[in-house]
Number of protein chains: 2
Amino acid sequence: MVRDPDQSASGLHAEAHHHHAIDADAVQSRARAYATSKSIPFTSMRQRVLALLAASGKPMAAYEIAEKLSDARRVQAVQVYRALEFLQEAGCVHRLVSRSAYFACDHLHGSGETVVFMVCSQCGAVQEAASDVVARGLRGVAKTTGFKPRHPIVELEGDCANCAGEPAG
Amino acid sequence: MVRDPDQSASGLHAEAHHHHAIDADAVQSRARAYATSKSIPFTSMRQRVLALLAASGKPMAAYEIAEKLSDARRVQAVQVYRALEFLQEAGCVHRLVSRSAYFACDHLHGSGETVVFMVCSQCGAVQEAASDVVARGLRGVAKTTGFKPRHPIVELEGDCANCAGEPAG
DNA sequence: GACATGGCGTTATAATGTTACATTCGTTGT
DNA sequence: ACAACGAATGTAACATTATAACGCCATGTC
């Protein structure tokens, strides 16, 4: 879940960067499984978007994805958004509201789980962590106000362990 | 030439609907105090934006604010964004990331406090609640990953007590 | 084959947010 | 009073993010 180069042991497809590449095979398998379960195709465009996000290991803007995927044929933003919609349904990709950016995630979240996204202001890397304490706190405030929560958004902006140690690297 | 802010505010206040408007006087006082403390002016535009948000009591998009504030002179979005920037610094206005909307808030949040925004999907109303449990949970996940949090974003999408009781009303 | 469904490719547009710059306003120094 | 300066404004243009509309094509079903 915490995507760190040391932890991504299956870095067979790891890019040359020092970035936090995620397990591309695992995330692709999950997307394929979701597609199969819904009887919808895991199409080429969906694979390409997911592969790019998995290789990058960092959040990317939709237009940035379109740019990177363009070759002779220009990939339009709307095509990326459609692929992202599928990938988010499949649970393979999340959207960072604090950056309007999308990133691949190789961890399968339980349906009731509350996940915290920690976004590094300096290097842009994202760490995820599920927190029962946060989940309990959210249920608590909702209960006291009679609010029926459907979907939580929890993000932390700050500095990751690497960047906090080496400022402005 | 110079618009009287108090008359403007009370006029808008009169148009507040059944949904709960916030304490316009209190929030305006806080904005004025912040401005004084920073030796910057609490200008007419800033007063107008804050008064509108306070009277509305609900989140509004920046362009919607610009629209409502326009009379003979068209108020441009950039002017609204500039006013919102000041008001957010003053702690009188918050931005809802889940809706890209802005709303006035009449309680003063402590600097270390973690505030949860509960946004009703049906009526759009926002409730705020500070939660020590959530704050503790966030500190916990940050600590285990070595992350240094600076700013938390916590929002719940769901149904408020009113709308949950009377669906789609 | 006829046909319904869904994804793709393309164009256009909506919605949100920012940059640039000249002007005006308020304060400050003289 | 008046010049000078920084901040806030007014205005236009631009940038970014996201969606709508529509025809084409591939796939599966009858």
Side-chain angles (χ1 to χ4, degrees), chain A residues 31-32 34-50 53 59-90 93-103 119 124 153 155, chain B residues 1-5 8 31-32 34-50 53 59-90 93-103 119 124 153 155:
Chain A
R32 196 181 303 278
Y34 175 81
T36 301
S37 76
K38 293 282 185 175
S39 298
I40 54 181
F42 186 34
T43 63
S44 166
M45 182 61 73
R46 289 163 183 176
Q47 292 175 36
R48 289 171 70 193
V49 171
L50 181 57
L53 285 175
M60 295 179 72
Y63 276 75
E64 188 185 355
I65 296 170
E67 178 76 21
K68 299 263 190 203
L69 291 182
S70 292
D71 43 30
R73 272 239 169 75
R74 177 83 189 166
V75 174
Q76 300 294 352
V78 64
Q79 304 174 253
V80 174
Y81 280 110
R82 289 195 283 230
L84 288 172
E85 186 179 5
F86 164 84
L87 294 169
Q88 287 178 270
E89 284 173 14
V93 165
H94 301 298
R95 179 176 184 271
L96 272 189
V97 297
S98 58
R99 301 203 158 196
S100 296
Y102 304 83
F103 66 100
V119 189
I153 298 174
E155 296 185 13
Chain B
M1 183 79 179
V2 175
R3 186 180 297 265
D4 184 337
S8 171
R32 195 180 304 278
Y34 175 80
T36 301
S37 76
K38 293 281 185 176
S39 299
I40 54 182
F42 187 33
T43 61
S44 169
M45 182 60 75
R46 290 164 182 173
Q47 292 174 35
R48 291 170 69 194
V49 170
L50 180 56
L53 285 175
M60 295 180 71
Y63 276 77
E64 188 185 355
I65 296 171
E67 179 76 21
K68 300 263 191 207
L69 291 182
S70 292
D71 41 30
R73 275 240 170 76
R74 177 82 188 167
V75 174
Q76 300 292 71
V78 64
Q79 304 174 254
V80 174
Y81 281 111
R82 288 195 282 230
L84 289 173
E85 187 179 5
F86 165 83
L87 295 168
Q88 287 178 269
E89 283 174 14
V93 165
H94 301 297
R95 179 176 184 270
L96 272 187
V97 297
S98 59
R99 298 203 158 197
S100 296
Y102 304 83
F103 66 99
V119 189
I153 299 174
E155 296 185 13

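Letters go in sequence order (proteins before strands), and every chain restarts at 1.
- When each of D:dT11, C:dG7, C:dT10 is scored by its nearest atom to the side-chain atoms of A:Q79, the top-ranked nucleotide is C:dT10.
- Between the NE2 atom in A:H94 and the CZ atom in A:F103 there is a gap of 5.5 Å [rounded to 0.5 Å].
- The distance between atom CD of B:Q88 and atom C1' of C:dG17, rounded to the nearest whole Å, is 12 Å.
- The distance from atom CD of A:E85 to atom C1' of C:dC8 is 14 Å, rounded to the nearest whole Å.
- Distance A:Q76 CD to C:dC8 P: 14 Å, rounded to the nearest Å.
- Residue A:R95 has a polar side-chain atom (N or O) positioned under 4.0 Å from OP1 or OP2 of D:dA18.
- In this structure, B:R82 CZ and B:T43 OG1 are separated by 10.0 Å, a value rounded to the nearest 0.5 Å.
- A:R99 comes within 4.0 angstrom of nothing in the nucleic acid, heavy atoms only.
- Rounded to an integer number of Å, the gap from A:F42 CZ to D:dT27 P is 17 Å.
- In this structure, B:V78 and B:R46 both approach DNA chain D, and ranking their closest nucleotides by distance from the 5' end singles out B:R46.
- With hydrogens and angles disregarded, a donor-acceptor distance shorter than 3.5 Å links the side chain of B:E155 to the backbone of B:V97.
- Taking the six-membered ring for Trp and thresholds of 30 and 60 degrees, B:Y81 and B:Y63 have ring planes more than 60 degrees apart, a perpendicular arrangement.
- Residue contacts shown for A:Y102 are limited to sugar-phosphate atoms, with no base heavy atom under 4.0 Å away.
- To the nearest angstrom, C1' of C:dC8 lies 15 Å from CZ of A:F86.
- Rounded to whole Å, the distance from CZ on A:R73 to C1' on C:dT10 is 11 Å.
- Across the protein-nucleic acid pair, A:Y81 atom OH and C:dT13 atom P stand 19 Å apart, rounded to whole Å.
- Evaluation of atom-type donor-acceptor distances gives no pair under 3.5 Å for the side chain of A:R82 against the base of C:dG6.
- For A:R74, no side-chain nitrogen or oxygen approaches OP1 or OP2 of C:dC8 to under 4.0 Å.
- Whole-Å rounding puts the B:L96 CG to C:dT16 P distance at 13 Å.
- Residues passing the salt bridge (charged side-chain N to carboxylate O under 4.0 Å, His left out) test with B:R95: none are found, sequence neighbours excluded.
- The side chain of A:S100 approaches D:dT17 more closely than any other nucleotide in the set C:dT10, D:dT17, D:dA12.
- Of the two residues contacting DNA chain D, namely B:M45 and B:Y63, the nearest-nucleotide position lying further toward the 5' end is that of B:M45.
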